[in-house]
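Since the structure is predicted, the reported quantities are computational estimates derived from the model, not experimental observations. What you see below is based on every heavy atom in this structure, not just the backbone, and it leaves out hydrogens, waters and symmetry mates. Numbering starts at 1 and runs along the sequence shown. One-based numbering, in listed order, for ligands and for the atoms of each.
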Amino acid sequence: MSKPFVAGNWKMNTDSRGGIELAERIACGSLEIVSKKVTVAVCPPFVYLGAVANALRASSVAVGAQNMYFESKGAFTGEISASMLKDIGCTYVLCGHSERRHVIGETDELINKKVVAAVSGGLLPILCVGELLAEREASQTEKVITRQMKNGLAGLSAEKVLAVTVAYEPVWAIGTGRTATQQQAQQVHDFIRRLVAEMYDDQTAAEIRILYGGSVKPGNAADLMSQQDIDGLLVGGASLNADDFLAIIQAAV
Ligand code: 13P
(Lines give C-alpha, C1' and ligand atoms only; values in the text may rest on other atoms or scores of the structure.)
Protein backbone atom coordinates (compact mmCIF):
# COMPACT_ATOMS: atom_id res chain seq x y z
CA MET A 1 0.00 0.00 0.00
CA SER A 2 1.13 3.54 -0.73
CA LYS A 3 1.80 6.04 2.04
CA PRO A 4 -1.52 6.94 3.71
CA PHE A 5 -2.99 10.25 2.65
CA VAL A 6 -5.17 12.47 4.86
CA ALA A 7 -6.75 15.58 3.36
CA GLY A 8 -8.88 18.18 5.11
CA ASN A 9 -11.63 19.85 3.10
CA TRP A 10 -12.46 23.10 4.88
CA LYS A 11 -15.38 23.79 2.52
CA MET A 12 -16.79 27.33 2.91
CA ASN A 13 -15.44 27.82 6.44
CA THR A 14 -12.80 29.78 8.38
CA ASP A 15 -11.60 33.34 7.92
CA SER A 16 -8.12 34.63 7.10
CA ARG A 17 -6.82 34.64 10.67
CA GLY A 18 -8.54 31.42 11.70
CA GLY A 19 -7.40 29.62 8.56
CA ILE A 20 -3.75 30.54 9.06
CA GLU A 21 -3.91 29.60 12.73
CA LEU A 22 -5.49 26.23 11.91
CA ALA A 23 -2.85 25.54 9.23
CA GLU A 24 -0.03 26.45 11.62
CA ARG A 25 -1.38 24.23 14.36
CA ILE A 26 -1.68 21.31 11.92
CA ALA A 27 1.85 21.87 10.60
CA CYS A 28 3.27 22.09 14.09
CA GLY A 29 1.34 19.13 15.50
CA SER A 30 2.15 16.82 12.62
CA LEU A 31 5.80 17.75 12.30
CA GLU A 32 7.18 14.33 13.16
CA ILE A 33 4.83 12.09 11.25
CA VAL A 34 4.12 14.02 8.09
CA SER A 35 6.43 13.35 5.15
CA LYS A 36 7.84 10.19 6.69
CA LYS A 37 4.71 8.20 7.27
CA VAL A 38 1.71 10.07 5.95
CA THR A 39 0.89 12.62 3.29
CA VAL A 40 -1.25 15.49 4.60
CA ALA A 41 -3.04 18.24 2.71
CA VAL A 42 -5.50 20.97 3.62
CA CYS A 43 -7.99 22.49 1.18
CA PRO A 44 -9.01 26.00 2.29
CA PRO A 45 -11.40 28.29 0.41
CA PHE A 46 -9.88 29.95 -2.69
CA VAL A 47 -9.40 33.34 -1.04
CA TYR A 48 -7.23 31.93 1.76
CA LEU A 49 -5.13 29.57 -0.39
CA GLY A 50 -2.21 31.95 -0.81
CA ALA A 51 -2.02 32.86 2.87
CA VAL A 52 -2.32 29.24 3.99
CA ALA A 53 0.27 28.10 1.42
CA ASN A 54 2.60 30.78 2.79
CA ALA A 55 2.01 29.69 6.37
CA LEU A 56 2.79 26.08 5.37
CA ARG A 57 5.78 26.85 3.19
CA ALA A 58 8.36 25.40 5.59
CA SER A 59 6.21 22.40 6.52
CA SER A 60 5.41 19.14 4.77
CA VAL A 61 1.68 19.83 4.79
CA ALA A 62 0.49 20.36 1.22
CA VAL A 63 -2.24 22.69 0.04
CA GLY A 64 -5.14 21.84 -2.24
CA ALA A 65 -7.95 23.85 -3.78
CA GLN A 66 -11.58 22.78 -3.54
CA ASN A 67 -12.33 23.44 -7.20
CA MET A 68 -10.89 24.90 -10.42
CA TYR A 69 -11.88 25.71 -13.98
CA PHE A 70 -10.65 23.68 -16.95
CA GLU A 71 -9.61 26.56 -19.22
CA SER A 72 -6.11 27.93 -18.72
CA LYS A 73 -6.95 31.65 -18.96
CA GLY A 74 -9.26 34.15 -20.61
CA ALA A 75 -12.75 35.58 -20.29
CA PHE A 76 -14.17 33.28 -17.61
CA THR A 77 -15.32 35.71 -14.95
CA GLY A 78 -15.04 34.35 -11.44
CA GLU A 79 -13.10 31.23 -12.39
CA ILE A 80 -9.63 30.02 -11.33
CA SER A 81 -7.23 28.00 -13.50
CA ALA A 82 -4.83 25.18 -12.70
CA SER A 83 -1.84 27.40 -13.42
CA MET A 84 -3.11 30.04 -10.96
CA LEU A 85 -3.43 27.38 -8.29
CA LYS A 86 0.08 26.10 -9.00
CA ASP A 87 1.37 29.64 -8.96
CA ILE A 88 0.26 30.21 -5.37
CA GLY A 89 1.56 26.89 -4.09
CA CYS A 90 -1.23 24.35 -4.54
CA THR A 91 -0.40 20.70 -5.13
CA TYR A 92 -3.88 19.17 -5.11
CA VAL A 93 -7.36 20.08 -6.30
CA LEU A 94 -10.69 18.47 -5.43
CA CYS A 95 -12.76 17.69 -8.51
CA GLY A 96 -16.40 16.65 -8.47
CA HIS A 97 -17.01 16.96 -4.75
CA SER A 98 -20.61 15.89 -4.05
CA GLU A 99 -21.55 19.42 -3.02
CA ARG A 100 -20.42 20.66 -6.41
CA ARG A 101 -22.27 17.83 -8.16
CA HIS A 102 -25.51 18.09 -6.19
CA VAL A 103 -25.66 21.70 -4.95
CA ILE A 104 -23.91 23.54 -7.78
CA GLY A 105 -24.98 21.09 -10.49
CA GLU A 106 -21.63 20.00 -11.98
CA THR A 107 -21.91 17.21 -14.54
CA ASP A 108 -19.61 14.24 -15.11
CA GLU A 109 -18.52 15.87 -18.35
CA LEU A 110 -17.49 19.14 -16.68
CA ILE A 111 -15.73 17.26 -13.89
CA ASN A 112 -13.80 15.22 -16.45
CA LYS A 113 -12.59 18.41 -18.15
CA LYS A 114 -11.35 19.67 -14.79
CA VAL A 115 -9.58 16.40 -13.94
CA VAL A 116 -7.84 16.32 -17.33
CA ALA A 117 -6.88 20.02 -17.11
CA ALA A 118 -5.58 19.54 -13.56
CA VAL A 119 -3.32 16.66 -14.62
CA SER A 120 -2.00 18.47 -17.65
CA GLY A 121 -1.49 21.59 -15.54
CA GLY A 122 0.69 19.68 -13.08
CA LEU A 123 -1.82 19.48 -10.22
CA LEU A 124 -2.86 16.25 -8.51
CA PRO A 125 -6.66 15.98 -8.70
CA ILE A 126 -8.73 14.24 -6.05
CA LEU A 127 -11.75 12.91 -7.94
CA CYS A 128 -14.71 12.53 -5.58
CA VAL A 129 -17.34 9.91 -6.31
CA GLY A 130 -20.26 8.64 -4.27
CA GLU A 131 -23.90 7.66 -4.35
CA LEU A 132 -26.97 9.38 -2.87
CA LEU A 133 -28.96 7.58 -0.18
CA ALA A 134 -31.81 6.86 -2.61
CA GLU A 135 -29.30 5.37 -5.06
CA ARG A 136 -27.85 3.10 -2.36
CA GLU A 137 -31.32 2.04 -1.27
CA ALA A 138 -32.19 1.23 -4.90
CA SER A 139 -28.99 -0.90 -5.16
CA GLN A 140 -27.56 1.58 -7.67
CA THR A 141 -24.27 2.25 -5.84
CA GLU A 142 -22.04 0.31 -8.24
CA LYS A 143 -23.81 1.70 -11.27
CA VAL A 144 -23.38 5.31 -10.06
CA ILE A 145 -19.74 4.80 -9.11
CA THR A 146 -19.01 3.16 -12.47
CA ARG A 147 -20.54 6.11 -14.33
CA GLN A 148 -18.70 8.70 -12.23
CA MET A 149 -15.38 6.86 -12.54
CA LYS A 150 -15.58 6.11 -16.28
CA ASN A 151 -16.76 9.60 -17.18
CA GLY A 152 -14.52 11.34 -14.66
CA LEU A 153 -11.34 9.64 -15.87
CA ALA A 154 -12.15 9.61 -19.60
CA GLY A 155 -9.16 10.40 -21.78
CA LEU A 156 -6.49 9.71 -19.14
CA SER A 157 -3.82 7.11 -19.91
CA ALA A 158 -2.72 4.58 -17.27
CA GLU A 159 0.37 6.66 -16.64
CA LYS A 160 -1.58 9.89 -16.20
CA VAL A 161 -4.34 8.38 -14.10
CA LEU A 162 -1.85 7.72 -11.31
CA ALA A 163 -1.73 11.48 -10.74
CA VAL A 164 -5.36 11.13 -9.64
CA THR A 165 -6.47 10.17 -6.15
CA VAL A 166 -10.02 8.84 -5.96
CA ALA A 167 -12.15 9.76 -2.94
CA TYR A 168 -15.20 7.63 -2.22
CA GLU A 169 -17.64 9.85 -0.37
CA PRO A 170 -21.13 8.36 0.00
CA VAL A 171 -23.36 11.44 -0.06
CA TRP A 172 -25.52 10.12 2.78
CA ALA A 173 -22.47 10.04 5.05
CA ILE A 174 -21.29 13.60 4.40
CA GLY A 175 -21.88 15.99 7.26
CA THR A 176 -24.54 13.69 8.68
CA GLY A 177 -22.57 11.95 11.41
CA ARG A 178 -23.65 8.73 9.70
CA THR A 179 -20.32 7.20 8.66
CA ALA A 180 -20.31 4.22 6.34
CA THR A 181 -19.30 1.16 8.34
CA GLN A 182 -15.80 0.01 7.62
CA GLN A 183 -17.29 -2.97 5.76
CA GLN A 184 -19.56 -0.77 3.63
CA ALA A 185 -16.61 1.48 2.77
CA GLN A 186 -14.26 -1.43 2.06
CA GLN A 187 -16.82 -3.05 -0.21
CA VAL A 188 -17.05 0.05 -2.43
CA HIS A 189 -13.28 0.66 -2.32
CA ASP A 190 -12.71 -2.91 -3.47
CA PHE A 191 -15.26 -2.35 -6.24
CA ILE A 192 -13.47 0.86 -7.32
CA ARG A 193 -10.12 -0.91 -7.40
CA ARG A 194 -11.52 -3.73 -9.52
CA LEU A 195 -13.08 -1.14 -11.80
CA VAL A 196 -9.70 0.57 -12.26
CA ALA A 197 -8.18 -2.84 -13.10
CA GLU A 198 -10.87 -3.29 -15.74
CA MET A 199 -10.43 0.25 -17.12
CA TYR A 200 -6.61 0.14 -16.99
CA ASP A 201 -4.63 -2.80 -15.59
CA ASP A 202 -3.87 -4.60 -12.32
CA GLN A 203 -0.78 -2.57 -11.52
CA THR A 204 -2.59 0.74 -11.94
CA ALA A 205 -5.40 -0.58 -9.75
CA ALA A 206 -2.93 -1.60 -7.06
CA GLU A 207 -1.17 1.76 -7.13
CA ILE A 208 -4.05 4.22 -7.37
CA ARG A 209 -4.93 5.84 -4.06
CA ILE A 210 -8.53 5.57 -2.86
CA LEU A 211 -9.61 7.73 0.10
CA TYR A 212 -12.78 7.43 2.15
CA GLY A 213 -14.75 10.53 3.15
CA GLY A 214 -17.98 11.09 5.05
CA SER A 215 -18.21 11.86 8.78
CA VAL A 216 -14.62 10.76 9.48
CA LYS A 217 -13.81 11.50 13.13
CA PRO A 218 -10.93 10.65 15.49
CA GLY A 219 -13.06 7.78 16.84
CA ASN A 220 -13.60 5.98 13.52
CA ALA A 221 -10.45 6.85 11.55
CA ALA A 222 -8.35 3.87 12.67
CA ASP A 223 -11.13 1.35 11.92
CA LEU A 224 -11.63 2.79 8.45
CA MET A 225 -7.87 2.82 7.81
CA SER A 226 -7.60 -0.84 8.87
CA GLN A 227 -9.46 -1.84 5.71
CA GLN A 228 -7.34 -3.22 2.91
CA ASP A 229 -8.48 -0.87 0.15
CA ILE A 230 -8.75 2.35 2.16
CA ASP A 231 -5.56 4.30 1.49
CA GLY A 232 -6.49 7.49 3.28
CA LEU A 233 -9.22 9.85 4.44
CA LEU A 234 -10.89 12.99 3.14
CA VAL A 235 -12.13 14.87 6.18
CA GLY A 236 -14.70 17.67 6.26
CA GLY A 237 -16.01 18.96 9.58
CA ALA A 238 -13.35 17.34 11.76
CA SER A 239 -10.56 18.99 9.73
CA LEU A 240 -11.66 22.40 11.08
CA ASN A 241 -10.50 21.44 14.55
CA ALA A 242 -6.71 21.07 14.77
CA ASP A 243 -6.81 18.51 17.61
CA ASP A 244 -9.35 16.32 15.82
CA PHE A 245 -7.55 16.54 12.49
CA LEU A 246 -4.22 15.71 14.13
CA ALA A 247 -5.80 12.73 15.88
CA ILE A 248 -7.10 11.50 12.52
CA ILE A 249 -3.65 11.91 10.95
CA GLN A 250 -2.17 9.93 13.83
CA ALA A 251 -4.80 7.20 13.39
CA ALA A 252 -3.98 6.91 9.69
CA VAL A 253 -0.32 6.05 10.25
P1 13P B 1 -17.68 15.54 6.66
O2 13P B 1 -16.39 14.91 7.17
O3 13P B 1 -18.03 16.81 7.34
O4 13P B 1 -18.78 14.52 6.66
O5 13P B 1 -17.42 15.93 5.13
C6 13P B 1 -16.86 15.00 4.27
C7 13P B 1 -16.49 15.66 3.01
O8 13P B 1 -17.35 16.08 2.25
C9 13P B 1 -15.07 15.86 2.71
O10 13P B 1 -14.87 16.28 1.41
So the side-chain hydrogen bond (donor to acceptor under 3.5 Å, both in side chains) pairs with at least one residue in residues 118-138 (sequence neighbours excluded) are E131-R136, E131-Y168, E131-W172, R136-Y168

Rounded to the nearest 0.5 Å, the CD atom of E106 sits from the CZ atom of R101 at a distance of 8.5 Å

Here the pair of heavy atoms bringing A158 nearest to T204 is CB-OG1, 3.8 Å

Any chance you could lay out the salt bridge (Lys or Arg N to Asp or Glu O under 4.0 Å) test for R25 and D243, step after step, and finish with the verdict?
CA-CA 9 Å; R25 286 195 59 199; D243 291 336; 2.9 Å; yes

How about F70 and F76: are their ring centres within less than 6.0 Å of each other?
no

Closest non-hydrogen atoms of V93 and A118, given as atom of the first, atom of the second and distance, are CG1-CB, 3.7 Å

Report all N/O contacts between ligand 1 and the protein shorter than 3.5 Å as a table of atom names and distances to 0.1 Å; if there are none, say 'none'.
unit_1   : atom_1 : unit_2 : atom_2 : d
ligand 1 : 2 (O)  : S215   : N      : 3.4
ligand 1 : 2 (O)  : G236   : N      : 2.9
ligand 1 : 3 (O)  : G237   : N      : 2.8
ligand 1 : 4 (O)  : G175   : N      : 2.6
ligand 1 : 4 (O)  : S215   : N      : 2.7
ligand 1 : 5 (O)  : K11    : NZ     : 3.2
ligand 1 : 8 (O)  : K11    : NZ     : 2.8
ligand 1 : 8 (O)  : H97    : NE2    : 2.8
ligand 1 : 10 (O) : N9     : ND2    : 3.0
ligand 1 : 10 (O) : H97    : NE2    : 2.9
ligand 1 : 10 (O) : E169   : OE1    : 3.1
ligand 1 : 10 (O) : E169   : OE2    : 3.0

